[in-house]
Amino acid sequence: MSRSGTTDDGDELLTRLGALTAQARAQAEMQRSRVELAIALQRGMLPRDLPVARRLHLAVRYAPACQGLNVGGDWYDAFTLADGRIGLSIGDVQGHNIEAAAFMGQVRAGLRALASVTSEPGEILARTNELLLSLGSDLFATCTFIRLDPCAGVLESARAGHLPCVWATADGKSGVATDEGGPPLGIQAGVSYPVTRYELTTGGMFVLLTDGVVEGPCLRLEEGLDQVRRLAGAAAAAGMDVDTLAASLIKGAERVGHDDDAAVLVVGLDGPDAQP
C-alpha cells in the first residue's frame, strides 16, 4: 500500500510551519526594533546634564516601559532660565507607542522654547497648550512646570492635569501638594493655569513624579502618593541625599504591577551658606 500521499501532506505541513515560524520571527524582530527605537528616542530627548546652582541638589531617575510596544512618553527636564532661576518640568503623554515618544519631544521642546520668552509657569503652560493645539495632534500630555529660585528657596508651580508634587521638611513633616491645576495640554483652548508658591526650607525636599511610580493594578494612586510622602519625610528627617531618595522611589515603581514609564525628579536645598 502506497504512503506517498501521507508523505506529501507531511512535507506540506512542515513547509507551512516553517513559513509561519519565519513570519513570527520577522514580526518579533520588527517589534523589538520599534521598541529599541522608541527607547532611544526617549532617552535622546531627556537632558544630559542637570543645572548647578548654590544650595541646590537635583536627582533624577527614569525607567522606560519596554514590554511589547508599551513604550510611553514620560519625561523630566531641568534647565537654567534667562533670569538665573531654574526651570523644572515633568510630564506624561497619553499613549504607549513611538508616536507618544515623539510627541513628548515636541512638548518638552515647546516648554523650553517658551520658557525663553517668559519664565512664569502658568503662562508657559498656557502657551504650550495653544502650541500643541495648533499642531492638530490627537495626543495630549499632563505636565507640571516649576520655576525655582534656589537662593530664596521659593518654588512657583503650575500643573496641567498632572499628579501633585510631594514635599518634605527636615523635621520630618511631609505632604502632598494641593494646588488647583488646570486641564492637560492639548485638549482645550483658552485655558489658564494657576500658579502656587511654595517655600523649600534648608534640608527640605520636593518630589516630582509620573504615575508609573505610584499607580497600577497593585497600587491605588492615593496609596502610592502616601508611600512617597512617608518615604520623603523619613529621608528629609534622616538627612538622606536626593540621589538616594530618587533611587528608592524608582525602585518602588517595580511594585505597582504594570508596565509603564516611570520618572522621578527630586529637589533638595542646602543652608544659605552652602557653596556650589
Side-chain angles (χ1 to χ4, degrees), residues 40-64 73-93 101-132 141-160 162-163 165-167 177 179 185-186 193 195-198 200 204-210 241-243 245-246 249-250 261-270 274-276:
L41 182 63
Q42 286 174 313
R43 292 194 180 279
M45 291 178 180
L46 297 176
R48 294 181 179 275
D49 300 300
L50 299 176
V52 176
R54 188 171 66 87
R55 303 187 65 193
L56 178 66
H57 295 277
L58 294 176
V60 295
R61 288 293 188 279
Y62 175 71
D74 288 21
W75 84 88
Y76 64 84
D77 202 2
F79 55 95
T80 303
L81 298 166
D83 59 11
R85 286 178 284 189
I86 305 297
L88 305 169
S89 74
I90 196 164
D92 185 0
V93 173
F103 189 72
M104 175 268 284
Q106 292 177 313
V107 178
R108 178 175 170 266
L111 288 167
R112 278 212 177 203
L114 291 167
S116 67
V117 178
T118 174
S119 65
E120 201 276 337
E123 189 174 353
I124 289 174
L125 291 186
R127 291 191 180 193
T128 303
N129 179 58
E130 297 301 326
L131 173 63
L132 296 180
T142 66
C143 175
T144 294
F145 190 92
I146 288 177
R147 177 171 63 183
L148 167 65
D149 183 343
C151 293
V154 173
L155 301 98
E156 296 165 286
S157 172
R159 191 159 57 95
H162 199 67
L163 298 177
C165 299
V166 173
W167 57 268
D179 51 306
L185 304 174
Y193 296 91
V195 176
T196 304
R197 186 177 185 272
Y198 299 94
L200 183 61
M205 294 182 176
F206 211 74
V207 181
L208 292 74
L209 41 81
T210 60
D241 63 84
V242 293
D243 197 68
L245 176 58
L249 293 174
I250 206 68
D261 288 0
V264 173
L265 194 162
V266 181
V267 183
L269 200 67
D270 276 338
Q275 297 300 313

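Residue numbers count from 1 along this sequence.
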Heavy-atom check, side chain of L81 versus side chain of I86, under 4.5 Å | no

In a check of side chain to side chain contact (heavy atoms under 4.5 Å, CB included) between V264 and each of L249, L245, I90, which one passes?
-> L249

Are D149 and R85 ion-paired here, with the side-chain N under 4.0 Å from a carboxylate O?
-> no

Side-chain (T128) to main-chain (I124) donor-acceptor, under 3.5 angstrom | yes

Less than 4.5 Å apart, any side-chain heavy atom of L132 and any of V107?
-> yes

Hey, does N129 have a side-chain heavy atom less than 4.5 Å from the side chain of Y193?
-> yes

D270 backbone acceptor or donor facing R55 side chain under 3.5 Å | yes

Distance (rounded to the nearest 0.5 Å) between H162 NE2 and S157 OG | 10.0 Å

Do M104 and D92 have side-chain heavy atoms sitting under 4.5 Å apart?
-> no

Residue pair P150 / R54: nearest heavy atoms and the distance that separates them | CB-O, 3.7 Å

Decide yes or no for I146 and P121: does some side-chain heavy atom of the first lie under 4.5 Å from some side-chain heavy atom of the second?
-> no

Should V166 and L208 count as side-chain neighbours, where that means a heavy-atom distance under 4.5 Å?
-> no

Got a second to check how far L111's CG is from L88's CG, nearest 0.5 Å?
-> 12.0 Å

Ionic contact status for R197 with E156, cut-off 4.0 Å = no

Considering only heavy atoms from C-beta outward, does the side chain of V154 approach that of R147 to under 4.5 Å?
-> no

Could you check if a side-chain atom of L209 sits within less than 4.5 angstrom of a side-chain atom of V207, using non-hydrogen atoms only?
-> yes

Within the distance-only criterion (no hydrogens, no angle test), does the side chain of S89 pair as donor or acceptor with the backbone N or O of T144 below 3.5 angstrom?
-> no

